[in-house]
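This report refers to the structure that appears directly beneath it.
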Number of protein chains: 2
Amino acid sequence: MTRAETRTSGGLAGALRLSVVRLNRRLRSQRADTSVTLTQVAALSTLRHHGRMSPGALAAHEKVQPPSMTRVLAALEERGLVTRRAHPHDRRQAIVELTDVGTKIVDEEVRAREAWLCQRIQGIPEQDRQTLRAAVEVINRIVES
Amino acid sequence: MTRAETRTSGGLAGALRLSVVRLNRRLRSQRADTSVTLTQVAALSTLRHHGRMSPGALAAHEKVQPPSMTRVLAALEERGLVTRRAHPHDRRQAIVELTDVGTKIVDEEVRAREAWLCQRIQGIPEQDRQTLRAAVEVINRIVES
DNA sequence: TATTGTTATACTCTATAACTATA
DNA sequence: TATAGTTATAGAGTATAACAATA
């Protein structure tokens with residue numbers, strides 16, 4: 001996909017779609033056998049950055065429907081990476097938080113799992129890294145809108 | 001995810017991963033009932049841009065394993081969007097190409113399917129579009145490496 | 001033997017619909 | 001009634017292993 005083909009909004013949308021789909025595939029394929037999946041990493045990372053929250057809030061952050069998050073959390077809880085507590089005032093809600101093991105996974109094993117992308121980012125010019133930093137912010141605004 | 005958290009390569013890798021995962025989810029959820037799926041659109045787009053090619057070449061372009069592409073092509077062939085021809089000199093290979101209907105899908109229905117992203121891209125400042133254009137090139141280089 | 005592609009199988013990811021419990 | 005979450009079910013997406021056909 002060359003620069004010339006992304007001049008129009010439609011062309012840019014198509015090019016961005018292809019790039020995102022392919023990078024997403026690459027990221028999923030970097031899964032180590034003993035490690036957590038890409039979706040699980042995303043949920044753990046959100047908990048690490050934003051602290052404990054309800055399953056519904058986590059689903060909203062991750063842009064998935066609640067039943068999808070239920071399944072992710074069940075897997076994480078089974079592996080002892082998160083725990084569930086009762087909400088102090090609203091018994092419908094649960095509060096999900098990282099365990100010590102879960103925190104360790106996010107801080108260490110997860111970063112090892114990202115080695116592929118991290119290595120490539122280290123290998124590109126600083127100007128390209130600046131482009132990616134700015135693009136992350138633009139994409140996040142688009143996703144939130 | 002703020003700019004400050006993406007200063008290191010690891011932080012940038014994590015932020016980019018989260019953004020890509022979430023945008024990918026949004027793109028998949030834009031599927032129209034009567035339309036083709038995101039994976040099918042990606043394959044059709046590649047054929048549209050690069051012309052006819054073998055299933056193996058298409059899998060390499062899309063960064064999927066050959067059996068995954070076999071399944072995608074079977075669905076597209078069943079819907080009459082692509083055809084298979086024999087390779088003139090190597091009978092192991094097939095040549096996949098868009099039908100007239102498939103071309104029409106790529107040019108019209110697929111663009112309608114992208115309305116969500118296209119609309120958002122039209123709504124951001126030109127400077128942000130330039131950022132995305134540059135980021136597409138950087139991401140593509142990373143994916144190819 | 002090496003390459004191209006398919007078949008068989010299984011797992012991950014995600015959604016919608018229907019349900020339960022609580023507010 | 002409305003909200004938070006789960007269960008049931010189904011479909012999309014993808015991989016590895018084993019196979020068939022051809023080079």
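Proteins come first, then strands; the chains are lettered A, B, ... in the order of their sequence lines, and each starts at number 1.
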Worksheet entry | Spacing between Arg25(A) atom CZ and dC13(C) atom P, to the nearest angstrom | 15 Å
Discussion item. Under 4.0 Å from OP1 or OP2 of dT20(C): is there any side-chain N or O of Arg91(A) that close?
Written reply: no
Response to the item:
Here the distance between atom C1' of dC11(C) and atom CD of Gln40(A), to the nearest Å, is 12 Å
Item to complete: Name the closest nucleotide to the Gln93(A) side chain, picking from dT22(C), dG5(D), dA23(D).
Response: dG5(D)
Discussion item. Between Arg71(A) and dC13(C), is there a contact of a side-chain N or O with OP1 or OP2 at under 4.0 Å?
Written reply: no
Worksheet item: Whole Å only: how far is the CG atom of Asn24(B) from the P atom of dG13(D)?
Response: 10 Å
Worksheet entry | Trace of the side chain to side chain donor-acceptor pair (under 3.5 Å) decision for Arg28(B) with Thr37(B) | CA-CA 8 Å; Arg28(B) 286 192 188 282; Thr37(B) 68; over 6 Å; no
Fill in: side chain to side chain donor-acceptor pair (under 3.5 Å) assessment of Thr83(A) paired with Glu77(A)
CA-CA 6 Å; Thr83(A) 54; Glu77(A) 193 174 19; over 6 Å; no
Item to complete: Could you check how far CZ of Arg84(A) sits from P of dA4(D), rounded to whole Å?
Response: 16 Å
Discussion item. The side chain of Thr70(B) is closest to which nucleotide in this list: dT7(C), dA15(C), dT22(D)?
Written reply: dT7(C)
Worksheet item: Which residue lies toward the 5' end of DNA chain D, Gly56(A) or Lys63(B), if each is placed at its nearest nucleotide?
Response: Gly56(A)
Worksheet entry | Candidates dG13(D), dT22(C), dT16(D) - which lies nearest the side chain of Thr37(B) | dG13(D)
Discussion item. Within the 4.0 Å heavy-atom criterion, would you say Pro55(B) contacts the bases, only the backbone, or no part of the nucleic acid?
Written reply: sugar-phosphate
Worksheet item: Counting any heavy atom closer than 4.0 Å, what does His89(B) reach on the DNA or RNA strands: base, sugar-phosphate only, or nothing?
Response: sugar-phosphate
Worksheet item: Hey, does Ala74(B) reach any base, or is it just sugar-phosphate, or nothing, if we go heavy atoms under 4.0 Å?
Response: nothing
Discussion item. Whether Arg84(B) and Glu97(B) form a salt bridge (side-chain N of Lys/Arg under 4.0 Å from carboxylate O of Asp/Glu) is what I want to check.
Written reply: no
Practice prompt. Write down the distance between CD (Glu62(A)) and P (dT14(C)), rounded to a whole number of angstrom.
Written response: 9 Å
Worksheet, complete the sentence: To the nearest angstrom, the CG-P distance between Leu76(B) and dG13(D) comes to 10 Å
Discussion item. By nearest heavy atom, map Gln65(A) and Leu73(B) onto DNA chain C; which one lands nearer the 5' end?
Written reply: Leu73(B)
Worksheet item: CZ of Arg79(A) to CD1 of Ile105(A): how many Å apart, nearest 0.5 Å?
Response: 7.0 Å
Practice prompt. Taking only the side-chain heavy atoms of Pro67(A) (C-beta and beyond), determine which of dT6(C), dT7(D), dA21(C) contains the nearest atom.
Written response: dT7(D)
Item to complete: Check the distance between dG5(D)'s C1' and Glu77(A)'s CD and give it to me in whole angstrom.
Response: 13 Å
Worksheet item: dT14(D), dG5(C), dT6(D): which one has an atom nearest the side-chain heavy atoms of Thr39(B)?
Response: dT14(D)
Worksheet item: Under 4.0 Å: is that the gap between some side-chain N or O of Arg28(B) and OP1 or OP2 of dG13(D)?
Response: yes
Worksheet entry | Separation of Leu16(A) CG from Leu132(B) CG (nearest 0.5 Å) | 5.5 Å
Worksheet item: Taking NZ, NE, NH1 and NH2 as the nitrogens, is one of them in Arg120(B) or Glu144(A) under 4.0 Å from a carboxylate oxygen of the other?
Response: no
Discussion item. Measuring from the side chain of Val64(A) (C-beta onward, heavy atoms only), which nucleotide among dA21(D), dT6(D), dA15(C) has the closest atom?
Written reply: dA15(C)
Item to complete: Could you tell me the separation between the CE atom of Met53(B) and the P atom of dG5(C), rounded to a whole number of Å?
Response: 12 Å
Discussion item. With nearest nucleotide decided by heavy atoms, which residue, Val21(B) or Ser54(B), maps closer to the 5′ end of DNA chain C?
Written reply: Ser54(B)
Discussion item. Please tell me if Ser68(B) has a side-chain N or O lying less than 4.0 Å from either OP1 or OP2 of dT14(D).
Written reply: no
